Novice: 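Quick one: structure below, then a few questions.
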Protein chains: 2
Amino acid sequence: MAASIEDVARLAGVSIATVSRALRGLPDVAAATRDRVLTAAAELDYVASPFAARLASGRTATVGVVVPFVNRWFFAEVIDGVEAALRKAGFDLLLYNLGDAEGRDRFFDVMPMRKRVDAVLIASLVLDDAEFEALGALSCPVGLLGLERPGFLSTRIDDVCGAQAAVRHLTSLGHRRIGLIGGDTDDPMSFTPPLRRRDGYRDALAEVGVDPDPALEVLGYFTIDGGGEAANRLLALPDPPTAIFAESDEMAYGAIRAVRRAGLRVPEDVAIVGFDDHVTAALMDLTTIRQPVTEQALDITARLLAVAAGDEANPTDVVLPTQLIVRGSTDPAASVA
Amino acid sequence: MAASIEDVARLAGVSIATVSRALRGLPDVAAATRDRVLTAAAELDYVASPFAARLASGRTATVGVVVPFVNRWFFAEVIDGVEAALRKAGFDLLLYNLGDAEGRDRFFDVMPMRKRVDAVLIASLVLDDAEFEALGALSCPVGLLGLERPGFLSTRIDDVCGAQAAVRHLTSLGHRRIGLIGGDTDDPMSFTPPLRRRDGYRDALAEVGVDPDPALEVLGYFTIDGGGEAANRLLALPDPPTAIFAESDEMAYGAIRAVRRAGLRVPEDVAIVGFDDHVTAALMDLTTIRQPVTEQALDITARLLAVAAGDEANPTDVVLPTQLIVRGSTDPAASVA
DNA sequence: CTGTTAGCGCTTTCAA
DNA sequence: TTGAAAGCGCTAACAG
């Protein structure tokens, strides 16, 4: 049987209150007393029962992390960063993976985080008002990664700006007929980037006086196959594009495959730009927009913890920079393959 | 303020004990009483405080999931599967990501799961005796995914057999000089596959009467770059291999890149086989060994929960099958690119 | 600086 | 089938 606080108190010859104070590093404990307690605790290999502590204190030392997927690059990176930051701060990480539309509905219906977390972190989910309200009912601070909303703490990149940079790169190369492969914003599991990246695409075209052509904007799943199918539709156009901006690297991979299967070359016949700087982007020689995922994760976690601790007053929105990485999929000279 | 069990009891006109029983679906509650309680609870939007319940019952309804990485394909898939299974069973998932050797030491030193989980799931970590002992001190069932140990519950694939199939495929194609790109088993973060896959490689060579050549076995990180560097060393050999077996798809990607950069063709000059059937393997046209990751995750989770619940007696070792997937990196005719 | 004591909100005997 | 009451192992006033 594991030792309890009473065992430690007895061994150290003090009260359980003193044990509690000493172990938590509270002030107003004599150094000698603290040492005795620490020694006794070490001897008994004692750790406080988190549940008893949580029940008594009301603090859970846990944050709920909500992601739509864990097995996609972006979210895996996010979890990695958040986990490290939480662990260092002594917080537990309760993971909620929505998985699909049904899982998402169930989640917001049941709100399984109720009464068990001190803070919630939402990663790149498009939330409707009812969902924001459900989150608010948790009455604990909520941090947003990859999206923003007035009154909420958030960290993100500027997707519009990133997409603009991607498409500007193509227009600067002389392309004028540029296809867009984007996420389906009607998908119940859609996350935030698609809307913004599309706006950036249109903005960059407008800068060079090109009117948006609806036929050049095709939507699909944020996956390799989704990108491949979308690219096929673009290539089948009577007047196909000379360049493609894919809203994610994975979609871009599918596009590269589709272009090659059509017997065309990248970038000579079709130039391709992705978004993310996925771990395999260099390998695929893909020009892309790098976004600092780990930095976003660390930033939002640190600030969320600060809010949960009562520091930091008003919720701010932090925007981290993106960066164009030119590789062989748009410029043979920049090829790393 | 959230409703407590007393509020529900008052509204339903019963004692808190009855509320507790009714809400948990215990027998010996009159149907009419149960209905009244359920109605009252719904009206107050009541959910039990998990910490109070855990403190009182001793059950945590939580399982700790320990992974060396979350941002690698295999582990992301594992977490995905485990999370779904746990959520369905009403369990919380506490995630522990070791990250690096230091994080790993800290983990086994502090044992942060102490007193907070009903079961532990370890994914593909090579554990030493001291670490197994530390896990045992948790005095809760431990499930192993991707490794086995007498006395422990486990689910895995047969890495030896999978690697044999990979290398047999190469020998059946006529290759005799086959390089191995493997994980460094001395890496403190090494996981289980490397040792076994190397054995399978040697076995398959022995089957065709080829003696192992130490120069053909090179080690590195389980990453794209690790595979690339290892392949470079193989290609620099006086008598380079005509085929390469990489112990993971990511290492195989690096090898493909290295071969191409050396001005050679895949598979004509160097055939390459990977292991995993990573999500991008089809895209890379890589021949590989498919392993059922989600199935492993679901299997071990279900059985671990059964043990934690007191069902299922003795810990068994379940081995799931692997499958050779032939693509263009070994056979031009099978190319999907 | 330290001890006493009253809970935190449940679950679980035990009795009725 | 239900209720009373005793904890579960801590934290947090409060008193000294």
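Within every chain, numbering begins at 1; the chains are lettered A, B, ... in the order of the sequence lines, protein sequences first and strands thereafter. These numbers were taken from a predicted model, which means no experiment stands behind them.
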Novice: Looking at the side chain of B/A30, which of C/dT12, D/dA4, D/dT1 is the nearest nucleotide?
Specialist: D/dT1

Novice: Going by heavy atoms closer than 4.0 Å, what residues in residues 55-62 of chain A are next to DNA chain C?
Specialist: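 Close to the strand are A/L55, A/A56.
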
Novice: Got a salt bridge between A/R149 and A/D129, using NZ or NE/NH1/NH2 to carboxylate O under 4.0 Å?
Specialist: yes

Novice: Would you please confirm or rule out a distance under 4.0 Å between OP1 or OP2 of C/dT2 and any side-chain N or O of A/S15?
Specialist: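 Looking at the OP1 and OP2 atoms of C/dT2, neither is under 4.0 Å from any side-chain N or O of A/S15.
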
Novice: Could you tell me whether B/D118 and B/R59 make a salt bridge, using a distance below 4.0 angstrom between a side-chain N and a carboxylate O?
Specialist: no

Novice: Can you give me the closest heavy-atom contact between B/V120 and B/C140, atom names plus distance?
Specialist: CG2-SG, 3.8 Å

Novice: At how many degrees, to 10°, do the end axes of the helix from C/dC1-D/dG16 to C/dA16-D/dT1 meet when each uses five pairs?
Specialist: 30°

Novice: Is A/D109 salt-bridged to A/R106, going by a charged N under 4.0 Å from an acidic O?
Specialist: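 Looking at A/D109 and A/R106, the cut-off is not met.
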
Novice: Looking only at heavy atoms, which two atoms of B/K115 and A/S49 are closest? And how far apart?
Specialist: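 Shortest heavy-atom contact: CD-CA, 4.0 Å.
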
Novice: Give the minimum heavy-atom separation between A/P315 and A/L153, together with the two atoms involved.
Specialist: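 Looking at all heavy atoms of both residues, the closest pair is CB-N, 3.6 Å.
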
Novice: Restricting to non-hydrogen atoms, name the atom on A/I157 and the atom on A/V319 that form the minimum distance, rounded to 0.1 Å.
Specialist: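 In this case the closest contact between A/I157 and A/V319 is C-CG1, 4.0 Å.
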
Novice: Please list all pairs meeting ring-ring contact (aromatic ring centres under 6.0 Å, His included) that have one or both residues in residues 87-106 of chain A, counting only residues at least two apart or in different chains.
Specialist: A/Y96-A/F107

Novice: Show me the pairs that pass salt bridge (Lys or Arg N to Asp or Glu O under 4.0 Å) and involve residues 42-51 of chain B, at least two apart or across chains.
Specialist: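 Only A/R114-B/D45 qualify under salt bridge (Lys or Arg N to Asp or Glu O under 4.0 Å).
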
Novice: Rounded to the nearest angstrom, tell me the gap between atom CD1 in A/I5 and atom P in D/dG9.
Specialist: 11 Å

Novice: Closest approach of B/L125 and B/P68, non-hydrogen atoms and distance?
Specialist: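 So the two residues come closest at CD2-CB, 3.9 Å.
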
Novice: Of the candidate nucleotides C/dC10, C/dT13, C/dT4, which contains the atom at the shortest distance from the side chain of B/R21?
Specialist: C/dT13

Novice: Please give me every residue in residues 34-54 of chain A whose heavy atoms get under 4.0 Å of an atom in DNA chain C, ordered by residue number.
Specialist: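 Per residue number, the list is empty: none.
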
Novice: Taking the side chain of A/S4 as heavy atoms from C-beta outward, which of D/dG9, D/dC14, D/dT2 is closest to it?
Specialist: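 The closest nucleotide is D/dG9.
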
Novice: For DNA chain D, whose closest nucleotide is more 5', that of B/G13 or that of A/R24?
Specialist: B/G13

Novice: Could you tell me how far apart A/L26 (CG) and D/dA12 (P) are, to the nearest whole angstrom?
Specialist: 8 Å

Novice: For B/R116 and D/dC10, give me the distance from atom CZ to atom P, rounded to whole Å.
Specialist: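 In whole Å, D/dC10 P and B/R116 CZ are 12 Å from each other.
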
Novice: Which whole-number value in Å describes the distance from B/I16 CD1 to C/dT13 P?
Specialist: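 Distance, rounded to whole Å: 15 Å.
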
Novice: Please set out all donor-acceptor pairs under 3.5 angstrom arising from side-chain atoms of residues 293-301 of chain B, sequence neighbours excluded.
Specialist:
residue : atom : partner : partner atom : Å
B/Q296  : NE2  : B/Q291  : OE1          : 3.0
B/Q296  : NE2  : B/P292  : O            : 3.2
B/D299  : OD2  : B/T155  : OG1          : 2.6
B/D299  : OD2  : B/R303  : NE           : 3.0
B/D299  : OD2  : B/R303  : NH2          : 3.4
B/T301  : OG1  : B/A297  : O            : 2.6

Novice: What is the distance, rounded to the nearest whole Å, between atom CG of A/D28 and atom C1' of D/dC14?
Specialist: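 Distance check: A/D28 CG to D/dC14 C1' gives 14 Å.
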
Novice: Among D/dT2, D/dT11, C/dC1, which nucleotide sits nearest the side chain of B/T18?
Specialist: D/dT2

Novice: Provide, to the nearest angstrom, the distance between the CZ atom belonging to A/R10 and the C1' atom belonging to D/dG9.
Specialist: 13 Å

Novice: To the closest 0.5 Å, what do you measure between CZ (B/F74) and CG (B/L145)?
Specialist: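 Taking CZ in B/F74 and CG in B/L145, the distance rounds to 5.5 Å.
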
